[in-house]
Protein chains: 2
Amino acid sequence: MRRRTQGVLGGRSDRVVRRVLDAALGELARSGYAGLRMDEVASVAAVNKTTIYRRWPSRAALVTALVDRMRTPLRESPLPDTGRLESDLLEAFARRFTVGREVAGRAWARLLDERFNPEVEAIIGAAVETRRGEWRAMVTRAIDRGELPPGTDAQLVLDLVRAIVDARGAARRMDRTWLTLAVRTVLAGARAGTLRRGRQPRPRRRG
Amino acid sequence: MRRRTQGVLGGRSDRVVRRVLDAALGELARSGYAGLRMDEVASVAAVNKTTIYRRWPSRAALVTALVDRMRTPLRESPLPDTGRLESDLLEAFARRFTVGREVAGRAWARLLDERFNPEVEAIIGAAVETRRGEWRAMVTRAIDRGELPPGTDAQLVLDLVRAIVDARGAARRMDRTWLTLAVRTVLAGARAGTLRRGRQPRPRRRG
DNA sequence: CCAGAAGGCAACCAGCAGTTGCCTTCAGCG
DNA sequence: CGCTGAAGGCAACTGCTGGTTGCCTTCTGG
């Protein structure tokens, strides 16, 4: 039997896929996940709603596919390794907001904002999880270089930076200033030994 | 004409108000804001949906009233002033998660998780904004005491701690460990001078 | 040129916010 | 005690949206 012409750019199907994903991207950036109306996507894509549902059984599936496509270029380039953790972190995080076009950045920010939503969390989680090891390695290298005290919890460092960065959602646009602040503050904490693995940090009186 | 028997505890109306708000609290803790079904609230409160809508014109209004009631005891006690910023912050933030009963804590956490939602943000914002000055004063005192370098941006310190704390939402329950981590890390950053007002912090090579 | 995959169309179901019109109950005043 | 008006109950309804279904049309490649 004839297979779907996936991958053969220019086929009827692929044209539809591209148009739907493009439309979905725009709608996601505009209205966020919760506000994304399938009818609207269909109409913008100049495609029937049924067509969308035939290929992606739910909104979650559609957005998952979209995120996957968004992150494709990202997936191909390795994480930065500048020899200095601060620069590595700055660059690595900055990339998250400049995936491809401007729209994609906004769409991703909207998703982050809605990460409380189990569906969204699953989507983001799946996308991020794959590179967790690489990210951790980035921090570990810094520890080995002596930039951070031995015993520092690499994952914790990342979690903290992410927590701060993600706090800046769609409303207030992510900017370099905030990102820098997040990275420097967390690194200062780590250097002060606040982020050792396992044991509770003891209170430190100011000197 | 006879007025509503508001305030006269035990009246029919007040009993209804209490039951509806209690029910709403439970539902909010269980299902979050977006998942809060008015029919369910009505049914749990053993009250008719119409009755709810007559008093609170929308879900947002209902939750606003609920939050207002939740925060009443909090509003009455001043923020801590232990003479040490770390303790102040720890205690002040810890309170947010122990407003009254256990349920209220969970409900509040759910709200925080959904703060991306404009409606929710308005609700939270209104509740929090009122004490912004007090919080800032807490940090300013510490600067005056010399705990933090002069010129430190008090609001920024608070924003950062909040960013980290809030990252722990409903799924992973807020715990003292994470809170401590957040406070200590941000304070370490602040002591290192990362959070001066206005000017961009210069990169600091590790010593 | 034709079989089968993919797309279009229209009507439909289900869940839920919010509404409406009308009836019932209750508190309290005369 | 009985009346009055406010507050509550009830049931049916609108409107929106995600997701479904059955059937017909179009495109594509062998």
Side-chain angles (χ1 to χ4, degrees), chain A residues 1-24 27-28 30-66 114 117-120 122-123, chain B residues 1-24 27-28 30-66 114 117-120 122-123:
Chain A
M1 73 186 80
R2 242 160 290 162
R3 278 279 88 240
R4 231 175 213 175
T5 41
Q6 278 180 357
V8 184
L9 298 173
R12 187 161 61 136
S13 304
D14 302 274
R15 200 169 51 247
V16 165
V17 168
R18 223 175 320 121
R19 289 170 63 168
V20 170
L21 288 186
D22 283 346
E27 289 307 297
L28 184 60
R30 211 164 57 86
S31 319
Y33 183 83
L36 191 156
R37 297 189 308 108
M38 299 300 268
D39 308 53
E40 194 60 28
V41 173
S43 133
V44 169
V47 139
N48 200 279
K49 191 172 59 150
T50 331
T51 304
I52 299 183
Y53 275 108
R54 255 194 289 260
R55 202 173 286 263
W56 303 278
S58 68
R59 176 173 32 168
L62 175 61
V63 175
T64 302
L66 174 60
E114 294 176 63
N117 178 331
E119 277 177 31
V120 176
I123 294 172
Chain B
M1 73 185 81
R2 243 160 287 163
R3 278 276 91 240
R4 231 175 212 175
T5 41
Q6 276 180 357
V8 184
L9 298 173
R12 187 159 60 134
S13 304
D14 303 274
R15 199 169 52 247
V16 165
V17 169
R18 224 175 318 119
R19 288 171 64 168
V20 170
L21 288 186
D22 284 347
E27 288 308 296
L28 183 61
R30 210 164 59 84
S31 319
Y33 183 82
L36 190 155
R37 297 189 307 109
M38 300 299 267
D39 308 52
E40 194 59 29
V41 173
S43 133
V44 170
V47 140
N48 200 280
K49 191 173 60 151
T50 330
T51 302
I52 298 183
Y53 275 107
R54 255 193 288 258
R55 201 173 287 264
W56 302 278
S58 68
R59 179 175 25 171
L62 176 61
V63 175
T64 302
L66 174 59
E114 293 176 64
N117 178 331
E119 278 177 29
V120 175
I123 294 173

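Numbers restart at 1 for each chain; the letters A, B, ... are given by sequence-line order, proteins then strands.
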Atom pair CD1 (A:Ile123) and OG1 (A:Thr64), whose distance is rounded to the nearest 0.5 Å: 4.0 Å
field: Contacts of type salt bridge (Lys or Arg N to Asp or Glu O under 4.0 Å), residue B:Arg30, not counting sequence neighbours
entry: B:Glu27
message: Measure CD1/B:Ile52 against P/D:dA7 and give the value in whole Å, please.
response: 17 Å
task: Specify the separation, in whole Å, of atom OH of B:Tyr33 and atom C1' of C:dA17.
output: 11 Å
message: Would B:Glu119 and B:Val63 count as a side chain to side chain contact (heavy atoms under 4.5 Å, CB included) here? Give the steps.
response: CA-CA 10 Å; B:Glu119 278 177 29; B:Val63 175; over 6 Å; no
message: Whole angstroms only, please: what is the CZ-P distance between B:Arg55 and C:dT19?
response: 16 Å
task: Whole angstrom is fine here: how far is it from CD in B:Glu40 over to P in C:dA17?
output: 10 Å
message: Nearest whole Å is fine: how far is C:dT24 P from B:Asn48 CG?
response: 15 Å
query: Hey, mind stepping through B:Met38 and B:Leu36 against side chain to side chain contact (heavy atoms under 4.5 Å, CB included) and telling me if it holds?
result: CA-CA 6 Å; B:Met38 300 299 267; B:Leu36 190 155; 4.0 Å; yes
message: List the residues meeting salt bridge (Lys or Arg N to Asp or Glu O under 4.0 Å) with B:Arg37, not counting sequence neighbours, and say none if there are none.
response: B:Glu40
statement: Heavy-atom contacts, protein to nucleotides 17-22 of chain D, under 4.0 Å, summarised as B (base), S (sugar-phosphate only) or - (none) per nt, yield SSBBB-
message: Tell me the interatomic distance from A:Trp56, atom CH2, to C:dG7, atom C1', rounded to whole angstroms.
response: 12 Å
task: Could you walk me through whether A:Val16 and A:Ile52 pass the side chain to side chain contact (heavy atoms under 4.5 Å, CB included) test, one step at a time?
output: CA-CA 9 Å; A:Val16 165; A:Ile52 299 183; over 6 Å; no
message: Please report the distance, rounded to the nearest Å, between CG in B:Leu62 and C1' in C:dA17.
response: 13 Å
